[in-house]
Amino acid sequence: MGTRRASVWTYHPTDKRIDRTAPDVCSALLHCLPTRGAEPARLARTDPGRRMVRELLEIQNVLANRDDASPFGFGVLDGRPLPRRYVEVVGLDNTVGEVVVASDGYLGPVPILRATGREPGLDG
């Protein structure tokens, strides 16, 4: 989400543990494999870390809107009930003139939909 006071944007990004975990696992594997003789060029071509976490990436949406104590759960607005623990309240005052909400996967919140594929903050 982004808010704009006058011409200054303030970003309020979300942080999901699942989005940090898969890349960390890939990175750990890529740090380990050269100690066993793996060539960096081969690792870059074959991407074994990505292969290792592929199943997680394919099924991680089952963690969305879980109303339990899962540390990897996360909230999404998709028509299902949204547990309160995933609701974030951002206080706004009378200097905020605009609020833009974007789903993950976009480069960043921008006020015009056709600009979502371009650099964040461009009104294009």
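What's counted below: heavy atoms across the whole structure, side chains too, no hydrogens, waters or symmetry copies. Start at 1 with the first residue, then count along the sequence.
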Exercise for review: Please report the closest heavy-atom contact between Cys26 and Gly49, naming both atoms and the distance.
Suggested key: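 Closest approach of Cys26 to Gly49, heavy atoms only: SG-O, 3.2 Å.
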
Review point. Which atom pair, heavy atoms only, marks the closest approach of Ala22 to Val53?
Key: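 Smallest interatomic distance, heavy atoms only, reads O-CG1, 4.0 Å.
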
Review point. Taking Tyr86 for the side chain and Ala64 for the main chain, is one N or O donor matched with an acceptor at less than 3.5 Å?
Key: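 No, Tyr86 side chain to Ala64 backbone: no donor-acceptor pair under 3.5 Å.
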
**Study point:** Whether Thr21 side chain and Arg17 backbone form a donor-acceptor pair below 3.5 Å
**Key:**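 Looks like yes, one N/O pair under 3.5 Å.
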
**Study point:** Same cluster (ILVMFWY, side-chain, under 4.5 Å), Ile59 and Leu63
**Key:**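 As far as the 4.5 Å side-chain criterion goes, Leu63 and Ile59 are not connected within one cluster.
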
**Study point:** Asp19 and Lys16 ion-paired at < 4.0 Å
**Key:**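 Counted as a salt bridge, because a side-chain N and a carboxylate O are separated by less than 4.0 Å.
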
In Å and rounded to the nearest 0.5 Å, what is the [atom1] to [atom2] distance from [X] to [Y]?
X	Y	atom1	atom2	result
Glu39	Thr46	CD	OG1	11.5 Å
Leu33	Arg42	CG	CZ	8.0 Å
Ile18	Leu56	CD1	CG	4.5 Å

Would you mind writing out the side-chain donor-acceptor pairs for residues 72-85 within the sub-3.5 Å range, not counting sequence neighbours?
| unit_1 | atom_1 | unit_2 | atom_2 | d |
| --- | --- | --- | --- | --- |
| Asp78 | OD1 | Asn65 | ND2 | 3.4 |
| Asp78 | OD1 | Arg80 | N | 3.1 |
| Asp78 | OD1 | Arg80 | NE | 3.3 |
| Asp78 | OD2 | Arg80 | NE | 2.8 |
| Asp78 | OD2 | Arg80 | NH2 | 2.6 |
| Arg85 | NE | Asp68 | O | 3.4 |
| Arg85 | NH2 | Asp68 | O | 3.1 |
| Arg85 | NH2 | Ser70 | O | 3.1 |

